[in-house]
Chemist: 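Pasting in a structure now, in structure tokens, and then I'll have a few things to ask.
These numbers come from a predicted model, not from an experiment. Basis for what follows: all heavy atoms, side chains included, without hydrogens, waters or symmetry-related copies. Counting begins at 1 with the first residue of the sequence.
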Amino acid sequence: MTLTGKAVETRQALLLMGFILSKFILQYTLLSPEYDLQRDEYLHLDQANHLAWGYLSVPPITSWLSWIIKQLGNSVFWVKFFPALFGALTIVIVWKTIQALKGNTFALVLGATSVLFSVLLRLNTLYQPNSLDVLCWTSLYFVILKCIQTRQLNWFIAGGLVFAIGFLNKYNIGFLLAGFIPALLLTRQRNLLFSRNAFIACLVGTLLVLPNLLWQYNNGFPVIHHMNQLAAYQLVNVDRWAFLRAQFFFFAGSSFVIVLALYALLVYPPFRPYRSFFWAFFGTILVFLYFRAKDYYAIGLHPIYLAFGSVFIAEALKTGWKRYLQPVCLLIPVGFFGFMYQFAFPNRSPSYIVANSRIYQELGQLRWEDGKEHPLPQDYADMLGWQELAAKVDQLYAKLPEPNRTLVLCDNYGQAGAINYYTKQGIQAVSFNADYVNWFDLDTYYTNLIRVKEAGEVSDEFRVTSPYFKTAIVGDSIQNPWAREHGTAIFVFTGAKVDIRRRITKEIDQVKQFH
């Protein structure tokens with residue numbers, strides 16, 4: 001029986017809804033309650049209390065989302081909702097790309113399955129700019145495809161808008177243009193770059209990102225300092241071969257779809273107008289390799305190629321005995337997910353991971369940004385000990401004389417953000433690290449200090465700080481053995497002998513000067 005066009009549309013719409021629902025269900029079942037939020041998430045959530053057009057760590061969109069989460073109650077459900085939403089919308093964009101390429105229902109299902117059962121399940125567990133970054137990459141590629149198809153002004157304006165959203169979320173989207181503009185110049189579509197519509201798109205994008213550029217200018221372009229810090233302390237440890245291997249494992253179950261997409265972009269006649277996507281893939285990878293980028297920076301590159309590959313495979317398996325290969329193509333990404341479910345998500349306890357460390361090691365998950373191997377993956381270790389820290393700081397804070405005159409000063413943004421998120425005492429912890437350097441309250445005269453100190457820097461704290469106070473004790477420390485913050489100490493100093501704001505102001509000035 002042949003379905004009518006309307007029936008096919010209804011069927012496809014129901015299938016898409018099924019994928020979206022599956023995406024949300026999976027995202028909420030891949031998180032073990034043993035884990036807290038991840039350290040970056042606390043910083044991003046705290047930005048809701050300090051709205052601005054820019055931050056030392058990220059552009060402003062994350063703070064706007066955090067403000068919405070705050071209005072919704074700031075619960076973990078809503079913290080995890082938005083990355084799941086962006087992952088679901090990425091499936092939608094791939095779906096729409098396949099439709100724009102005239103793919104059939106099988107192509108739509110293969111593309112959605114390939115996106116659903118991929119590294120995005122891991123990426124979308126964390127409230128970070130990365131999930132929206134992947135969505136913006138995929139959306140901008142889709143808009144470029146529509147520009148090639150239609151040459152209509154509205155799609156060019158949409159491109160400027162999508163780029164601006166991506167830029168205001170994470171500067172990483174600049175790599176997309178660095179890879180795609182040279183690719184366009186290599187094809188017949190190069191005239192798109194020099195059209196009036198392209199000029200208007202650039203103007204729209206520039207006007208939308210201008211407030212953030214002005215913020216960067218007025219604050220001495222901290223993004224440059226941030227990139228220099230990354231290059232000096234993290235990117236220098238990036239293994240380029242490991243970067244390339246990671247690109248395969250990110251979409252391991254659907255890697256054949258991406259490979260066939262690249263093949264089709266060279267030889268499949270209906271894809272000839274989109275050959276620039278072939279050159280863009282390799283050009284973008286080369287740019288990432290040159291800058292020793294972290295492997296996950298390139299995740300946004302891949303979903304659009306799942307759309308091209310799915311359309312090509314669906315056409316190749318459309319008739320005859322080859323139709324029986326269609327279920328096999330769908331089972332491959334599902335099968336890989338079945339294996340990765342055991343080892344690639346924070347759904348296992350720390351003790352389980354340590355007991356099965358060999359396979360985690362083989363998967364490269366135990367190597368941190370410092371280039372060394374540790375008992376747990378870095379993200380998992382960064383999701384432990386935070387509630388313990390906040391509860392202990394709360395207890396110590398409540399026992400102090402004049403607690404409202406107590407400064408809670410932390411070594412890093414994770415500590416400060418976690419305390420501020422979980423506190424029952426209304427604490428607003430700060431740090432000289434990341435954006436917290438701009439969030440000190442210097443109007444209050446402090447008589448007490450709670451100092452949260454990383455394990456490796458505990459020994460000198462008494463000697464350096466106690467002369468400025470009448471009493472000094474080690475109040476407590478983080479005991480969770482698997483936490484990255486294991487051993488972090490909580491010092492309590494009471495009865496300030498001097499106005500400590502002077503010393504704080506001096507350190508703030510030194511940090512900002514360094515930035």
Chemist: Could you check whether Tyr436 and Phe432 have their ring centres less than 6.0 Å apart?
Modeler: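 So the answer is no for these two rings.
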
Chemist: For the residue pair Glu402 / Asn448, report whether a side-chain donor-acceptor contact shorter than 3.5 Å exists.
Modeler: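 There is no such pair (donor and acceptor under 3.5 Å, judged by atom type) between the side chains of Asn448 and Glu402.
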
Chemist: Under 30°, 30 to 60°, or over 60°: which ring-plane class applies to Tyr341 and Phe345, parallel, tilted or perpendicular?
Modeler: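 Rings of Tyr341 and Phe345: tilted, 30 to 60°.
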
Chemist: Between Lys506 and Asp509, is the closest basic N to carboxylate O distance under 4.0 Å?
Modeler: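 Looking at Asp509 and Lys506, the cut-off is not met.
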
Chemist: From Arg502 CZ over to Ile500 CD1, what is the distance, rounded to the nearest 0.5 angstrom?
Modeler: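 With rounding to 0.5 Å, CZ (Arg502) is 12.0 Å from CD1 (Ile500).
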
Chemist: Asn172: which residues meet the side chain to side chain donor-acceptor pair (under 3.5 Å) condition with it, sequence neighbours left out?
Modeler: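 With neighbours one apart ignored, the set is Asp133.
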
Chemist: His302 and ring pair (Phe, Tyr, Trp, His ring centres under 6.0 Å): which partner among Tyr297, Phe251, Tyr296?
Modeler: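 Among Tyr297, Phe251, Tyr296, the one that satisfies the ring pair (Phe, Tyr, Trp, His ring centres under 6.0 Å) with His302 is Phe251.
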
Chemist: Please check if the distance between the ring centroids of Tyr42 and Tyr413 is under 6.0 Å.
Modeler: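 Not under 6.0 Å, so no.
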
Chemist: Hey, would you say the Phe175 and Phe288 ring centroids sit under 6.0 Å apart?
Modeler: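 Ring centres of Phe288 and Phe175 closer than 6.0 Å.
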
Chemist: Lys23 and Asn124: which non-hydrogen atoms are nearest, and at how many Å?
Modeler: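 So the two residues come closest at NZ-OD1, 2.7 Å.
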
Chemist: Can you say whether the rings of Phe86 and Phe82 are parallel (under 30°), tilted (30 to 60°) or perpendicular (over 60°)?
Modeler: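 Tilted: the ring planes of Phe86 and Phe82 meet at 30° to 60°.
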
Chemist: Looking at Tyr28 versus Phe81, is the centre-to-centre ring distance below 6.0 Å?
Modeler: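 No.
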
Chemist: With no hydrogens and no angle check, just 3.5 Å: does a side-chain donor-acceptor pair link Asn412 and Arg39?
Modeler: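 Side-chain D/A pair, Asn412 to Arg39: present.
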
Chemist: What is the distance from atom CG of Asp295 to atom CD1 of Ile299, rounded to the nearest 0.5 Å?
Modeler: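 The CD1 atom of Ile299 is 7.0 Å from CG of Asp295, to the nearest 0.5 Å.
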
Chemist: Can you tell me if Gln361 and Ser357 form a side-chain donor-acceptor pair at under 3.5 Å?
Modeler: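 Gln361 vs Ser357: no donor-acceptor pair found between side chains.
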
Chemist: Does a donor on one side chain and an acceptor on the other come within less than 3.5 Å for Glu485 and Gln415?
Modeler: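 Checked: Glu485/Gln415 side chains pair up, N/O donor to acceptor below 3.5 Å.
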
Chemist: Do the side-chain N and O atoms of Glu388 and Asn480 include a donor-acceptor pair separated by under 3.5 angstrom?
Modeler: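 There is no such pair between these side chains.
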
